Amino acid sequence: MAERLIYVGLDVGGTTMKAAAVGDDGSPLSAPVVMDTNPERGQEAGLETMCETIRRAVAAARLTLADVTAIGVVTPGLMDIKAGLILDPPNLKPWKNVPVRDHVRAAFQKPTVYQNDANAAAYGEFWVGSGQAASSMVLFTLGTGVGGGIILGDAIVEGEHSHGGELGHLRIDLPDRGRLCGCGARGCLEAYASATNVVKRAREDLAAWRGPTKLKQFYSANDDEFTAKDVFDLAADGDALAVKVADDTAYYLALGACAVIATVDPEMIVFGGGMVAAGEWFRAAIETYVKRFGLPFPTRTVKIAFASLGSDAGFIGAAGCARLGMKGKA
Ligand SMILES: [Zn+2]
């Protein structure tokens, strides 16, 4: 019997880290093990928690370390992928220059691959998710920010400085008058289409809105708080203002997608994260704008889809990166 190939994927986030052993076909061998990251406790403690999460993931799958072929660790940026270093990520403060890959490799004596979390999520979708049948795929992940990943052939586009696929910072509006982005520039996609900015735009639109909208009632009934999900839920109900805000979001995302189509001409563009709960009409709206504004030839056949792995894409993609490091997708 051939040796069973097993990869452990660890997805380190600012709040929690999540790991599972994953088979050669991309199926997790147990539910993921989740531990608190507690970055404020320092990077030594962080590295130890990473190793403990990996150990528990192996145990959760009723395996031993001897069964593990390779390990993949993914984190948010800033990072140096080639050097295996976490540099100075805003959501892992006060960590700085943490040698993640070499630490994990030394602790387990296994081949260890390090990757950006959004790139890994894209690879996960490409390997066993929505992009499984595609030969090239781009992922936009919609959350507090807008992340991205580009997979061409069986390769992740990391870029020379580990900043390939930073799709949230595609410029979709003029840099001297566009909306201000968290990166300090104006006109980035993220400044329009992240969950945070969907809420900001909804508040602005609401201030100028003269027609009826449940968003107004929500606004007063819920202590002035609503979320991007509320906007999309109301849009699904047909609320006119919420539909406008959601449709504008589809338009902005499509502009980002058109820029990517003109750059790498992928077979498929996948959208993941909270807003995909809005459903098929939102996907169709993005597709309509892509076909209207994108390069005519590639947009005729480019596939626009929602992600299918949900929040598991990170650790499955991390395992996929470990596998890619050993043998590639085939
Ligand atoms: Zn930006």
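Note that ligands are numbered from 1 as they come in the structure, with each ligand's atoms numbered from 1 the same way. Only a predicted model underlies this, so the values are computations on that prediction, with no experimental measurement involved. Computation of the quantities below employed the complete heavy-atom set of this structure, encompassing side-chain atoms and omitting hydrogens, waters and symmetry-equivalent molecules.
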Trainee: Is there a side-chain hydrogen bond (donor to acceptor under 3.5 Å, both in side chains) between Thr213 and Asp239 once you walk through the steps?
Mentor: CA-CA 6 Å; Thr213 169; Asp239 183 274; 2.8 Å; yes
Trainee: Give a yes or no on whether Glu44 atom CD has more than 12 heavy-atom contacts from other residues, nucleotides or ligands under 6.0 Å away.
Mentor: no
Trainee: Do Tyr289 and Tyr251 make the cut of ring centroids closer than 6.0 angstrom?
Mentor: yes
Trainee: Report the C-alpha separation of Asp205 and Lys244 in whole Å, then their side-chain angles, then the decisive distance to 0.1 Å, and conclude whether the side-chain contact (heavy atoms from CB on, under 4.5 Å) test is met.
Mentor: CA-CA 9 Å; Asp205 286 349; Lys244 178 202 181 288; 3.2 Å; yes
Trainee: Is the closest basic N to carboxylate O distance between Arg177 and Asp173 below 4.0 Å?
Mentor: no
Trainee: What protein N/O/S atoms sit under 2.8 Å from the Zn ion (ligand 1), by chain and number?
Mentor: His169 ND1, Cys181 SG, Cys183 SG, Cys188 SG
Trainee: Are the side chain of Arg179 and the backbone N or O of Cys188 linked by a donor-acceptor pair below 3.5 Å?
Mentor: no
